[in-house]
Amino acid sequence: MTGWEVFLQQLIIGLSNGMIIALIALGYTMVYGIIELINFAHGDLFMLGCFAALTVVSLTGDLPVWLVLLLLLVLTPVFCGGLNWLVDRLAYRHLRDATKLAPLVSAIGVSFVFLNLGLFWGGLPLKVFGFGKAAAAPKDFPTLVSNANLLGNSNVEFTTKDLLVLVITVPLMVGLTLFVKQTRAGKAMRAVAQDRLAAQLMGIDANRVIGQTFLLGGGLAGVASVVAALYNNTIYFQMGYRAGMDAFTAAVLGGIGSLPGAVLGGLCIGLARALSDQYIATRWTNVMVFAILILVLVFRPSGLLGAKHREKV
Amino acid sequence: MSLLQVDKLTMRFGGLVAVDAVTLEIPPGEIVSLIGPNGAGKTTVFNAITGIYEPSAGGVRFAGHETRSEFCGSVAVLLLLTGFLTAGALILLCNIESLWEVVITGNYQYRQVFQWKPANIAFTTYFSENSGTRLILPAVLGLFLGLAGAWAVWQRSRRAPEVAAHAGIARTFQNIRLFNQMTVLDNVLLGMDTRLQTRFWHAALRLPLFWRERREATSKAIEILRFVDLDREVNQLAENLSYGHQRRLEIARALAMQPKLILLDEPAAGLNPAESQALMELIRQIRERGITVLLIEHDMQVVMGISDRIAVLDYGEKIAEGTPAEVRANPAVIEAYLGKSDAST
Amino acid sequence: MKLRFHWAFLLVAALVPVVGLFVPAARSLGELLRPIFIMAILALGLNILTGFTGILNLGVAAFMALGAYAYAILTCDIYPFQFGFWPAVMLTVLVGLLAGLMLGLPTIRLRGDYLAIVTLGFGEIVQDSLKNMDVITKGTQGINPLPGPTFAGYMFRSETYAPWYYLFLGFLALVVLLNRNLQRSRVGRAWIAIREDELAASCMGVNPMKMKLLAFSLGAAQCSLAGALWASFLGSSGEPGNYDFQVSIIALCIVIVGGMGNIAGVLLGALVVVGCNSLVLETFTNFLKAHELISSTNVYTAPGNWKYMLFGLALILMMRFKPEGLLPSRQVKAELHPHEPPPS
């Protein structure tokens, strides 16, 4: 491979991973935008989504691949979205008027509970989980989408998996933007995000809208977990921390609360990781990512696309 | 010479021009009022004077100086120092493992005497071997990032409320912003704190200076509270005070800063006529203490009663200025407040 | 005069080993208390930031790690420095101070949540760097063995326990004293004012950046002190993985469960959180093992596997029903219950 081919290959890998990170980051940024909560449990929700996806696969093993994929893309987001909504309903909703720290700590608690659920889930006596012998061990996710290179015999690989990532994520992001910009529910979300009290006075049920945001954000995490599981073919119960960290960094890098910012941030992080893996050293990649984050924040304190904060006096 | 000069101050928020080329001159020892209908940009002028907003155009000079930190020699030294330190740190970080091996491990075996001499030779050979990526690249990158970063941070921090406060401008807020969970005394002490010499090590180790200043500050704070007639509430939490008392506590907190100029943002809002009268008396006494007063107020009785001069804002522009009698007779002012009527022409 | 809770706590703690001479149970309690003292110092460092100043720091473990490694490098005899315990601890505190300052200088102007992610990232950076620079830090092995502390010619040995106990208790008392002095001075007043209303505070002449930076460095210094003590206690720097996000979260939980902004609350929080997190669960596991109630293959029966679940649920329930913590400071309590009249 020539230098340029290596570079191009890393760009493709970075792009695919970046899109997955962006999907998770969207969930962070939406929730933050509406109730200013860093939803620490989001990464672990993503992890639970991966386990749900693997369970779905194991239960539908005999069906044709396209049907399994369809089921995955419907059931996992529904599961994740529903779980996220439920957590909001049970934990965060009671803390709307408390200080900012209370829901945050609550979210950390939820993330611990999710982590533990993931461990137990891996211990289920199913074949895909190794009959529950080693709950904490990484699990193989079956190769439903082939690894074939779409560019023929070229040295640069653009596989079916990469295509799958793009085919699923790009329309989803476009759809999300249209949803938030055009629909009634989307407008209600933006209204609540700007001024909850005023939105309530205009007759919007803020709790309902916030619940919808959690549902939507969780759903996106569910899609991300399906895509990530298909792309990486391995899942483990501690994967949520790393994924959540990357996505959170992406959301902040792009400007937390901004949807295009989350996507841009996700792509930046994905590319930075891939390039750092190739040209610096894999073991320094995490350090590089955060160094970039700190550097960007020094020059742009509200992130790349974040709105400048001005306090009312 | 005037104490405060606001020179063609303009504030734009997006497309909205909130304040449009307003010029104000406030001589020392006067009480000047800024009036105008709601949304005329009065509070925005206050925010620009106190450094909360950066003016889009024009400037504010207080006692002959800009109320922002100026670029001077020591700032330049600081910026350069940051640049060099970053460069040094980056060089160190890029080579830390090799340097450690050359300097420390290479010279030292378990429980042996440490020799520095050979290290120095190895040090120079190490850098001469691959100086491009080991030395020059991190040095240039670090210098650039350090300088640019420090410059960006300094730019953002040069116009800040605390700079104006240190220059001697104190203010109160339209919607009261006391430290609600602190006691009345602590609120006043906080206003005084910046004039104290106590540093954190004095406080941590309770050195004599801490005790002396604490005694002095407390007695001064109680004197100020007596001045605004709040000395019976010293240990109350600020949020438990009545509305009128909270207004006066805000003034006390501002006075504790020992300012040259005090900006009062609607101090009479929500007060009953008796309280307003007491407030007017208080403002006069503040002036007698040698403090210049700039006042935003809607209560015309208060404004006309105590102001030496009045400036009128409407839609961000200054439409009139003069003594109370002049302003009262000014047709533009009447129009701004009552609207244009055919009968008056 | 009313005896403050934190002094009462330290006084009672000082008596435990004396009682331990006669009652064996008190002795084992004393042995368990030593790590709690260290965690309390760590949490007090975080309390300056989160409790007093209102800055969320999710990376205190990084400062603890820096402290532990700095102490280990300064004392271990595989390096040429070989300082004694006391100078090494002082230098370590200085290292923490500088590290806090260096991280704080470019980032302290960021708004709350942006600063939170920066501190979180710093935690990762430190952990990964310690892992990667194995020439200096011995990678995942950690630096060991470290010589024990000495005090006036007396050498601390790992099998004795009372000297260690009083050493850590002494440091804790010192930290409590310094923090209390700071809290009741213009510094603490400025910190609390910034927490309540940063803009108003800056209009009163408080320089929020300076005060936050001070809080940041002092907090970091205390955290690295905790790290140095921890390393001396273990006789090893420990591996980088020992100072991960969980440690930061445990410190945060101590501050929140105990009562934000209240020194006594933090002491109580350390007792409760660390106590529950390690001691109770461990005792329970040992009990079950002794009675052969645990199968090694089944993931669900080992109490250790329920740790996160219990910890998480405790946090959620705590926030739901007692968000101000067990022993709140008057101010924080009033912030969380705005409609109740304060006790006079």
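Order of the sequence lines sets the chain letters (A, B, ...), proteins ahead of strands, with each chain counted from 1. Below, each value reflects all heavy atoms present in this structure, side chains not excepted, and no hydrogens, waters or symmetry copies. A quick note: this is a predicted structure, and the numbers were derived from the prediction, not measured.
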S.K.: With a 4.5 angstrom heavy-atom cut-off, which part of C:N132 approaches chain B: side chain, backbone, both or neither?
M.R.: backbone
S.K.: Quick check on the interface: out of B:M192, B:M257, B:Q236, who has the most heavy-atom pairs with chain C under 4.5 Å?
M.R.: B:M257
S.K.: Using non-hydrogen atoms only, which part of B:L93 is less than 4.5 Å away from chain C: side chain, backbone, both, or neither?
M.R.: neither
S.K.: For C:I194, is it the side chain, the backbone, both, or neither that has a heavy atom closer than 4.5 Å to a heavy atom of chain B?
M.R.: neither
S.K.: Roughly how far apart are B:R206 CZ and C:L178 CG, rounded to 0.5 Å?
M.R.: 10.5 Å
S.K.: Please rank C:P106, C:C203, C:S185, C:G188 by heavy-atom pairs under 4.5 Å with chain B and give me the top one.
M.R.: C:C203
S.K.: So, taking the atom named CG in C:L44 and the one named CG in C:L172, what distance separates them when rounded to the nearest 0.5 Å?
M.R.: 6.5 Å
S.K.: Between chain C and each of B:V153, B:L85, B:T50, B:L189, count heavy-atom pairs under 4.5 Å; write down the option with the most.
M.R.: B:L189
S.K.: Side chain from CB out, backbone as N, CA, C, O: work out which of these in C:V206 comes under 4.5 Å of a heavy atom of chain B, or both, or neither.
M.R.: both
S.K.: Just checking, any donor-acceptor pair under 3.5 angstrom between side chains of B:R171 and B:N47?
M.R.: yes
S.K.: Measuring heavy-atom distances to chain B, does C:L214 have an atom under 4.5 Å in its side chain, in its backbone, in both, or in neither?
M.R.: side chain
S.K.: How far does CH2 of B:W211 sit from CG of B:L209, to the nearest 0.5 angstrom?
M.R.: 12.5 Å
S.K.: Among side-chain atoms of B:D265 and B:T43, is any donor-acceptor pair under 3.5 angstrom?
M.R.: yes
S.K.: Just by distance, no angles: are the side chains of C:N179 and C:Q222 close enough, under 3.5 Å, to form a donor-acceptor pair?
M.R.: yes
S.K.: By a 4.5 Å heavy-atom criterion (distance strictly below it), what part of C:R189 contacts chain B: side chain, backbone, both, or neither?
M.R.: both
S.K.: Among C:A201, C:A190, C:S129, which residue has the highest count of heavy-atom pairs closer than 4.5 Å to chain B?
M.R.: C:A201
S.K.: Against chain B, label C:F81 side chain, backbone, both or neither, depending on which of its atoms sit under 4.5 Å from a heavy atom there.
M.R.: side chain
S.K.: For B:A170, is it the side chain, the backbone, both or neither that has a heavy atom under 4.5 Å from a heavy atom of chain C?
M.R.: neither
S.K.: Taking the six-membered ring for Trp, is the centroid-to-centroid distance between C:W86 and C:F171 below 6.0 Å?
M.R.: yes
S.K.: Can you classify the ring geometry of C:F63 versus C:F216 as parallel (below 30°), tilted (30 to 60°) or perpendicular (above 60°)?
M.R.: perpendicular
S.K.: Between chain B and each of C:N207, C:L177, C:L218, count heavy-atom pairs under 4.5 Å; write down the option with the most.
M.R.: C:N207
S.K.: When heavy-atom pairs shorter than 4.5 Å are enumerated against chain C, which of B:A160, B:A167, B:A204 gives the highest number?
M.R.: B:A204
S.K.: Could you give the distance from CG (C:L49) to CZ (C:R195), rounded to the nearest 0.5 Å?
M.R.: 12.5 Å
